[in-house]
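Note that this is a predicted model, so its numbers are computed, not measured.
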Amino acid sequence: MSETKPMQIEESWKAALKDELQKPYFLELREYLNAEKTAGKTIYPPDPLIFNAFNNVPLDEIKVVILGQDPYHNPGEAHGLSFSVPHGIKIPPSLKKIYKELETDIVGFKSPDHGCLEHWAKQGVFMLNAFLTVEASKPQSHQRVGWENFTDAVIKTISDRREGVAFMLWGNFAKKKALLIDASKHLILEAAHPSPLAGNAFLGCNHFSKANNYLKNNLKDEINWNFSL
């Protein structure tokens with residue numbers, strides 16, 4: 001991510017976030033990431049995947065938003081979609097809990113043998129982390145470098161420019177983002193975080209079927225959550 005090249009982000013997002021991408025805090029964020037890499041630190045995800053969620057789902061195609069917090073901080077895991085990992089990487093515990101919920105919430109759902117959620121992204125599921133980068137082996141290391149200002153603006157942009165989007169907010173951190181969303185235009189779903197640290201509190205939230213019912217009622221195609229169909 002050089003200092004002179006524009007961020008590699010999908011055109012509709014680039015237009016919608018044009019002003020945000022030029023604000024002092026964001027330019028300072030880019031400088032910070034460049035300096036960290038120059039110092040030899042490993043940052044996840046790799047540069048081409050930092051805006052993977054945006055490049056997979058243009059602004060006008062968003063149907064569902066799933067908000068995460070930090071990218072995964074172990075080698076090979078983070079690829080720019082919250083809760084998702086590339087093929088060939090062990091399924092993380094939180095995603096296993098998400099699959100377990102889907103098995104009871106969505107008729108016919110079968111947990112896949114991988115954790116890659118690109119199948120959802122292609123249908124309009126925008127999987128956004130509040131912080132888009134992290135230093136290797138150091139969770140929450142980039143929580144105060146400017147990313148939250150940016151992703152708060154992203155959430156508000158979706159709320160302002162779209163209608164009928166289902167927002168899934170899991171855990172106390174994500175729930176606070178409800179203040180950025182116009183509940184008269186969108187569906188806000190809140191639940192415990194799927195992390196094992198929350199026990200089984202996430203199970204039974206039925207967010208996936210609720211989102212599909214909402215999309216159907218708003219004359220939109222439902223999400224096919226199942227990987228085997």
Within this structure, what is the [atom1]-[atom2] distance for the pair [X] and [Y], rounded to the nearest 0.5 Å?
{"X": "Leu128", "Y": "Leu67", "atom1": "CG", "atom2": "CG", "answer": "5.5 Å"}
{"X": "Ile66", "Y": "Leu81", "atom1": "CD1", "atom2": "CG", "answer": "10.0 Å"}
{"X": "Trp225", "Y": "Ile98", "atom1": "CH2", "atom2": "CD1", "answer": "10.0 Å"}

Determine the minimum heavy-atom distance between [X] and [Y], stating which atoms define it.
{"X": "Ala191", "Y": "His207", "answer": "CB-CE1, 3.5 Å"}
{"X": "Leu117", "Y": "Ser84", "answer": "N-OG, 2.9 Å"}
{"X": "Leu189", "Y": "Lys210", "answer": "CD2-CD, 4.0 Å"}
{"X": "Ile223", "Y": "Gln123", "answer": "CD1-O, 3.5 Å"}

With sequence neighbours excluded, tell me which residues meet ring pair (Phe, Tyr, Trp, His ring centres under 6.0 Å) with Phe131. Phe173
Holding to ring pair (Phe, Tyr, Trp, His ring centres under 6.0 Å), I want the full list of residues that pass it with His79, two or more places apart in sequence or in another chain. none
For [X], check salt bridge (charged side-chain N to carboxylate O under 4.0 Å, His left out) against everything at least two apart and list the hits.
{"X": "Glu163", "value": "none"}
{"X": "Glu222", "value": "none"}
{"X": "Glu148", "value": "Lys177"}

How are the rings of [X] and [Y] set relative to one another: parallel (under 30°), tilted (30 to 60°) or perpendicular (over 60°)?
{"X": "Trp13", "Y": "Phe54", "result": "perpendicular"}
{"X": "His142", "Y": "Tyr32", "result": "perpendicular"}
{"X": "Trp120", "Y": "Tyr99", "result": "perpendicular"}
{"X": "His114", "Y": "Phe227", "result": "perpendicular"}

Is any side-chain heavy atom of [X] less than 4.5 Å from a side-chain heavy atom of [Y]?
{"X": "Phe167", "Y": "Phe126", "value": "no"}
{"X": "Gln140", "Y": "His73", "value": "no"}
{"X": "Val165", "Y": "Leu187", "value": "no"}
{"X": "Ile43", "Y": "Glu36", "value": "yes"}

Would you say Leu49 and Ile89 are hydrophobically clustered, going by side-chain heavy atoms of ILVMFWY under 4.5 Å? no
Checking Ser12 side chain against Leu59 main chain: does a donor-acceptor pair fall under 3.5 Å? yes
Hey, mind stepping through Glu20 and Thr157 against side-chain contact (heavy atoms from CB on, under 4.5 Å) and telling me if it holds? CA-CA 11 Å; Glu20 204 69 27; Thr157 296; over 6 Å; no
Which of Trp170, Phe202, Tyr72 passes ring pair (Phe, Tyr, Trp, His ring centres under 6.0 Å) with Phe83? Answer is Trp170
Flag yes if more than 12 heavy atoms outside Lys220 fall under 6.0 Å of its NZ atom; otherwise flag no. yes
Is it the case that more than 12 heavy atoms not belonging to Lys185 sit under 6.0 Å from its NZ atom? yes
When you check the gap from the basic side-chain N to the acidic O, do [X] and [Y] get nearer than 4.0 Å?
{"X": "Glu190", "Y": "Lys175", "result": "no"}
{"X": "Lys216", "Y": "Asp221", "result": "no"}
{"X": "Lys156", "Y": "Asp160", "result": "yes"}

Using the salt bridge (Lys or Arg N to Asp or Glu O under 4.0 Å) rule, take Lys14 and Glu11 through it: C-alpha gap first, then chi angles, then the decisive distance, then the call. CA-CA 5 Å; Lys14 187 185 296 184; Glu11 289 301 320; 3.4 Å; yes
Linking Ile, Leu, Val, Met, Phe, Trp and Tyr through side-chain heavy atoms less than 4.5 Å apart, which residues share a cluster with Val134? Tyr44
